[in-house]
Amino acid sequence: MPPRMLGFLLVAPALAIVVFLFIVPLASSITGAFDVGGAFSFGNFTKAFALYSGDMLFTLAIVTLSSALIGLFSIMIGGYLTLGSNPRAVAVLRWVYRWPLFIPFIVVGQILRTFLAKNGLMNNIFIELGLMTPLSAMSFLDWRGIVIAFVWKQTPFVALLLSGAMASIDHSTIEAARNLGARRLRILIEIVLPQVRTTLLVGLILSFVTMMSVLSVPLMINAQSPTMITANMAFRINAYRDYGVANALGLISLLMTSVVAWIYLRQTMREHSR
């Protein structure tokens with residue numbers, strides 16, 4: 001058998017999975033977004049913007065804010081794992097921070113729904129400690145709950161990538177800065193972060209795309225309006241069987257993530273050109 005034919009047969013199963021489980025559904029969704037009564041039209045997009053333009057901005061704001069907080073906390077965790085001076089604290093942090101990685105989003109939604117409710121565990125703890133009264137308790141089952149869920153779930157993923165990248169850098173530069181009297185925060189910002197910014201960018205982009213696709217968290221934590229695009233897509237399908245508007249919303253979310261991916265690719269190409 002010719003080597004080229006043998007190579008094609010080896011990659012054929014994986015290629016078939018990609019084609020039939022990704023490319024074909026994607027093409028069907030894109031064409032369905034422009035299909036109105038069997039004719040090509042932008043009617044689905046007009047209806048989507050008329051009904052859910054506020055939810056689109058809400059989704060973008062929630063995911064952007066969550067990504068910024070994820071980046072901040074990941075830098076704090078990775079920085080302490082790399083520059084921390086207390087071995088026990090570093091060991092405990094290294095052991096604890098990864099736990100949310102193994103919890104599915106639907107379980108995250110249920111956990112935080114129980115924890116952040118008006119009569120949830122968080123408010124009950126504060127009441128028992130005397131930090132608030134039962135009348136002053138408030139629910140966090142709104143946009144704040146979604147942000148908390150996303151940050152709690154995705155920070156370990158980005159922190160794991162970032163701490164690995166920080167551990168692989170040349171520590172002679174860190175030791176030189178310490179010998180010159182630089183404090184840990186300055187070392188982190190001026191020496192460590194510039195060397196791992198590509199890894200941080202990759203982790204944040206992957207988290208951005210993941211959060212854009214989550215359905216369980218907005219449904220379980222923030223059922224009221226405004227909500228995220230994924231919940232709107234599910235509502236259009238389950239309540240009205242309106243696959244056209246759902247496909248249009250899906251294509252809009254795809255364009256949002258494509259902008260982030262384009263920024264990453266542009267930055268990567270710029271670094272390779274240097």
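Placement of Ile189 and Ile187 in two distinct hydrophobic clusters is found when ILVMFWY residues are connected by side-chain heavy-atom separations under 4.5 Å, directly or transitively. Note on Met256: it does not cluster hydrophobically with Ile263, by side-chain heavy-atom contacts below 4.5 Å among ILVMFWY residues. Under the 4.5 Å side-chain contact rule for hydrophobic residues, Ile77 and Val96 do not share a cluster. Phe58 and Leu219 fall into different hydrophobic clusters, where Ile, Leu, Val, Met, Phe, Trp and Tyr are joined by side-chain heavy atoms under 4.5 Å apart, directly or via other members. In the hydrophobic clustering of ILVMFWY residues, with side-chain heavy atoms under 4.5 Å counting as a link, Val36 and Ile30 come out apart.
For the pair Ile75 and Leu200, the minimum side-chain heavy-atom distance is below 4.5 Å. Considering only heavy atoms from C-beta on, Leu160 comes within 4.5 Å of Arg98 through its side chain. No side-chain heavy atom of Asn44 sits under 4.5 Å from any side-chain heavy atom of Asn247. Residues Leu162 and Met166 form a side-chain contact, since some pair of their non-hydrogen atoms from C-beta on lies under 4.5 Å apart. The side-chain heavy atoms of Gln154 and Leu206, taken from C-beta on, include no pair separated by under 4.5 Å. You'll find the side chain of Thr114 stays beyond 4.5 Å of the side chain of Leu121, heavy atoms only.
Minimum heavy-atom separation, Thr230 to Val214: OG1-O, 2.7 Å. Ile221 and Gly109 get closest at one heavy-atom pair: CG1-O, 4.1 Å. Looking at every heavy atom in both residues, Gly203 comes nearest to Leu161 through CA-CD1, 3.9 Å. Heavy-atom minimum distance, Phe150 versus Met211: CB-SD, 3.4 Å. Pairing each heavy atom of Pro134 with each of Ile127, the nearest pair is CA-CD1, 3.7 Å. When all heavy atoms are compared, the tightest approach of Ala149 to Val217 is CB-CG1, 3.8 Å.
No donor-acceptor pair closer than 3.5 Å links the side chain of Gln110 to the backbone N or O of Ile106. In this structure, the side chain of Arg144 engages the main chain of Ser139 through a donor-acceptor pair within 3.5 Å. Although no hydrogens or angles enter the test, the distance criterion places a donor-acceptor pair under 3.5 Å between the side chain of Arg113 and the main chain of Met220. At distances below 3.5 Å, not a single donor-acceptor pair connects side-chain atoms of Ser29 with backbone N or O atoms of Pro25. Thr155 places no side-chain N or O within donor-acceptor distance of the main-chain N or O of Trp152, the cut-off being under 3.5 Å.
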side-chain contact (heavy atoms from CB on, under 4.5 Å) between Ser163 and Arg94, intermediate numbers included: CA-CA 10 Å; Ser163 59; Arg94 182 178 289 112; over 6 Å; no
Thr210 and Lys153: CA distance, side-chain angles, deciding distance, side-chain contact (heavy atoms from CB on, under 4.5 Å) verdict: CA-CA 11 Å; Thr210 300; Lys153 180 67 174 70; over 6 Å; no
Candidate pair Met132 and Asn123, rule side-chain contact (heavy atoms from CB on, under 4.5 Å), full reasoning: CA-CA 8 Å; Met132 67 167 56; Asn123 287 333; 3.9 Å; yes
Test log, rule side chain to side chain donor-acceptor pair (under 3.5 Å), inputs Thr227 and Asp55: CA-CA 6 Å; Thr227 187; Asp55 292 348; over 6 Å; no
Verdict with supporting geometry, Tyr97 and Tyr80, side-chain contact (heavy atoms from CB on, under 4.5 Å): CA-CA 12 Å; Tyr97 86 92; Tyr80 193 80; over 6 Å; no
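Separating the CG atom in Leu60 from the CD1 atom in Ile252 is a distance of 12.0 Å, to the nearest 0.5 Å. Atom CG of Asp142 is separated from atom CG of Leu116 by 9.0 Å, given to the nearest 0.5 angstrom. Atom CH2 in Trp143 sits 11.0 Å away from atom CG in Asn222 (nearest 0.5 Å). Atom CD in Gln195 sits 4.5 Å away from atom CD1 in Ile169 (nearest 0.5 Å). The structure places CD of Glu128 at 7.0 Å from CG of Asn124, a figure rounded to the nearest 0.5 Å. Atom CE of Met212 sits about 10.0 Å away from atom OG of Ser67, to the nearest 0.5 Å.
Ring orientation note: the planes of Phe34 and Phe45 are tilted relative to one another, at an angle of 30° to 60°.
More than 12 heavy atoms of other residues, nucleotides or ligands sit less than 6.0 Å from atom CZ of Arg178.
Here the rule is side-chain contact (heavy atoms from CB on, under 4.5 Å) with Leu26, and of Leu251, Thr31, Leu21, Leu254 only Leu254 fits it.
Between Phe22 and Phe20, the ring center distance fails the sub-6.0 Å criterion.
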